[in-house]
2 protein chains.
Amino acid sequence: MGMNRVLEQPILSGREQAIEALEAFIRDGQYAPGDRLPPERELMVQLGMGRTQLRRALEALEMEGVIWRHVGKGTFIAKDSAAGSLSALSRRVSPVHMMRARLSLEPAITREAAIHASHDRIIPLRICIDRSEDAATWDEYEAQDDAFHRGIALATQNELLLALFDQLNQVRRAIAWKTVERATDRPPHDHNSFVQHRAILEAIEARDADRAHAEMRTHLGSVEKRLFGGF
Amino acid sequence: MGMNRVLEQPILSGREQAIEALEAFIRDGQYAPGDRLPPERELMVQLGMGRTQLRRALEALEMEGVIWRHVGKGTFIAKDSAAGSLSALSRRVSPVHMMRARLSLEPAITREAAIHASHDRIIPLRICIDRSEDAATWDEYEAQDDAFHRGIALATQNELLLALFDQLNQVRRAIAWKTVERATDRPPHDHNSFVQHRAILEAIEARDADRAHAEMRTHLGSVEKRLFGGF
DNA sequence: ATCCCCATATTGGTCGACCAATATATCCGA
DNA sequence: TCGGATATATTGGTCGACCAATATGGGGAT
């Protein structure tokens with residue numbers, strides 16, 4: 001029953017399509033910071049969309065700092081080229097870099113969780129582990145795995161760290177993974193993430209920040225190895 | 001010549017004002033996930049703005065995942081309550097939590113920089129340090145300090161880590177700091193950040209990831225202590 | 001030749017009418 | 001009485017005309 005499962009590219013809303021078309025236009029036109037884009041009424045013709053839709057895309061890019069607009073002047077590429085949407089970032093980030101970012105942020109978050117977690121933030125972590133071990137399918141397992149990791153970010157009691165985790169997670173989810181071929185319908189009983197999750201939880205419960213940090217690094221190191229194979 | 005310098009609340013654009021008004025409306029109305037907001041034509045009256053402006057704010061919140069909209073159905077609070085704009089986050093995050101988030105992310109970023117920095121990413125770091133030591137005003141110093149920290153994020157050669165750093169930095173900048181009273185116009189020659197910056201750079205140059213991590217923690221620990229005083 | 005003022009053109013922003021999707025009410029037939 | 005079809009109301013989305021801010025060009029005075 002082993003089958004390849006290929007995650008489909010997410011279906012894009014009208015706005016997202018408009019944003020992508022505009023981003024492609026800017027990229028293909030090789031605009032530099034400070035350059036002026038064509039006027040809206042020209043641009044909507046060139047991109048084959050209505051002015052309302054174009055304005056939505058322009059609005060989005062302006063909010064992200066990619067462009068700035070001024071009545072009577074025009075629309076310009078902003079100076080800071082690092083700006084951009086998370087979805088644009090998802091298209092640029094390689095799986096390796098995404099994994100390195102996880103290896104950087106999540107152990108630090110786990111350390112903070114060990115210091116700050118309250119009792120009512122620890123209980124859900126245990127529940128996630130129990131459920132992931134009982135999962136009947138990989139989908140179920142992955143949902144609980146996700147909840148476990150986010151539960152740790154919640155346990156930091158720091159909304160900024162949670163926000164950064166969520167941003168990282170959003171990029172992770174948007175990257176279309178071609179998943180490895182699986183020989184079973186569900187994780188085997190000796191799936192190493194099970195013991196690794198428990199080790200992380202124990203470190204958090206023990207308030208051992210350094211161990212929590214190390215256990216999360218170990219766990220994500222295994223995930224990385226599984227994804228990219230031997231070094 | 002010592003004077004208190006209070007950073008002013010940033011001037012908000014029309015769109016930002018509209019977003020804030022809408023966010024306040026949602027917050028004060030105690031809407032729960034799944035709740036339906038009043039129709040646009042009602043809402044614009046209640047908020048005292050045109051429909052176009054309201055739609056811009058709604059568009060922004062929808063992009064951030066705070067709400068979802070559907071023709072003929074209405075506008076609803078999204079399930080995931082963790083979503084929100086960075087500017088909204090800036091208003092919620094305490095300086096202590098922001099500092100904890102820096103202490104979590106920046107040492108990890110510095111570790112990655114020690115591993116991945118290329119020669120042409122290290123040179124600008126040295127230049128920032130030289131310039132910060134020569135700074136004639138606190139403003140100049142802070143500009144170079146900012147550039148140093150971002151230079152490290154650039155040195156990771158990981159656009160996702162850079163993006164996360166930029167998000168963190170944006171929140172930091174948006175928090176209106178009441179700066180400490182300063183006895184001098186510029187940093188003293190024995191300002192401890194100077195030697196700390198050099199120690200960080202040396203660790204990066206030496207490719208010593210653990211030392212880089214530790215030196216950045218030390219540096220930010222000093223920053224934290226300076227901001228919040230003794231423990 | 002240069003500068004200033006005014007008229008016109010151009011650009012992004014707003015408005016009200018209308019459109020497309022959905023909810024709700026009403027009517028009719030079994 | 002109930003269920004299905006239809007009409008009407010409601011909701012967010014789009015369009016074209018117009019508005020507000022800015023750029024540009026031309027003419028007249030110095």
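Lettering of chains follows the sequences in order, A, B, ..., and the numbering in each one begins at 1. Values below: all heavy atoms of this structure, side chains included; hydrogens, waters and symmetry mates excluded.
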Q. Any side-chain N or O of His70(B) less than 4.0 Å from the OP1 or OP2 oxygen of dT22(C)?
A. yes
note: Glu40(A), atom CD; dA17(D), atom P; distance rounded to Å ~ 16 Å
Between CE of Met44(B) and P of dT14(C) the distance, given in whole Å, is 13 Å
Here the distance between atom C1' of dG13(D) and atom CZ of Arg15(A), to the nearest Å, is 12 Å
Met49(B) CE to dG16(C) P, in whole Å, measures 16 Å
field: Plane angle bin for Phe194(A) and Tyr141(A) - parallel if under 30°, tilted between 30 and 60°, otherwise perpendicular
entry: perpendicular
Side-chain contact check for Pro39(B): nearest option of dT14(C), dG12(C), dT11(D) is dT11(D)
Winner on side-chain proximity to Lys73(A), out of dG12(D), dG13(C), dA23(D), is dA23(D)
Any Arg55(B) side-chain N or O less than 4.0 Å from OP1/OP2 of dG13(D): yes
Identify whether any heavy atom of Arg56(A) sits under 4.0 Å from a base atom; if not, whether one sits that close to sugar-phosphate; answer base, sugar-phosphate or nothing. sugar-phosphate
Next item on the list: Kindly say if Arg69(A) contacts the phosphate of dT11(C), meaning a side-chain N or O under 4.0 Å from OP1 or OP2.
Entry: no
Rounded to whole Å, the CG-P distance (Leu54(A) to dG12(C)) equals 9 Å
Considering only heavy side-chain atoms of Gln53(A), the closest of dT14(C), dT14(D), dG13(D) is dT14(D)
Electrostatic pair Glu140(A)-Arg131(A), nearest N-O below 4.0 angstrom = no
message = Counting only side-chain nitrogens and oxygens, does Thr75(A) get under 4.0 Å of the OP1 or OP2 atom of dT11(C)?
response = no
Rounded to whole Å, CD of Glu59(B) lies from P of dG13(C) at a distance of 14 Å
On the side chain of Arg41(B), is there an atom forming a donor-acceptor pair with the base of dG12(D) - under 3.5 Å, no angle test? yes
Contacts satisfying ring pair (Phe, Tyr, Trp, His ring centres under 6.0 Å) that involve residues 32-68 of chain B (not counting sequence neighbours) are Trp68(B)-Phe76(B)
So, OP1 or OP2 of dT11(C): does either fall under 4.0 Å of a side-chain N or O from Arg36(A)? yes
Is it the case that the ring center of His116(B) lies less than 6.0 angstrom away from the ring center of His97(A)? no
Rounded to whole Å, the CD-C1' distance (Glu42(B) to dA9(D)) equals 14 Å
When rounded to the nearest 0.5 Å, the distance separating CG of Leu154(A) from CD of Glu159(A) is 11.0 Å
Taken to the nearest whole Å, CG/Leu37(B) to P/dT11(D) is 12 Å
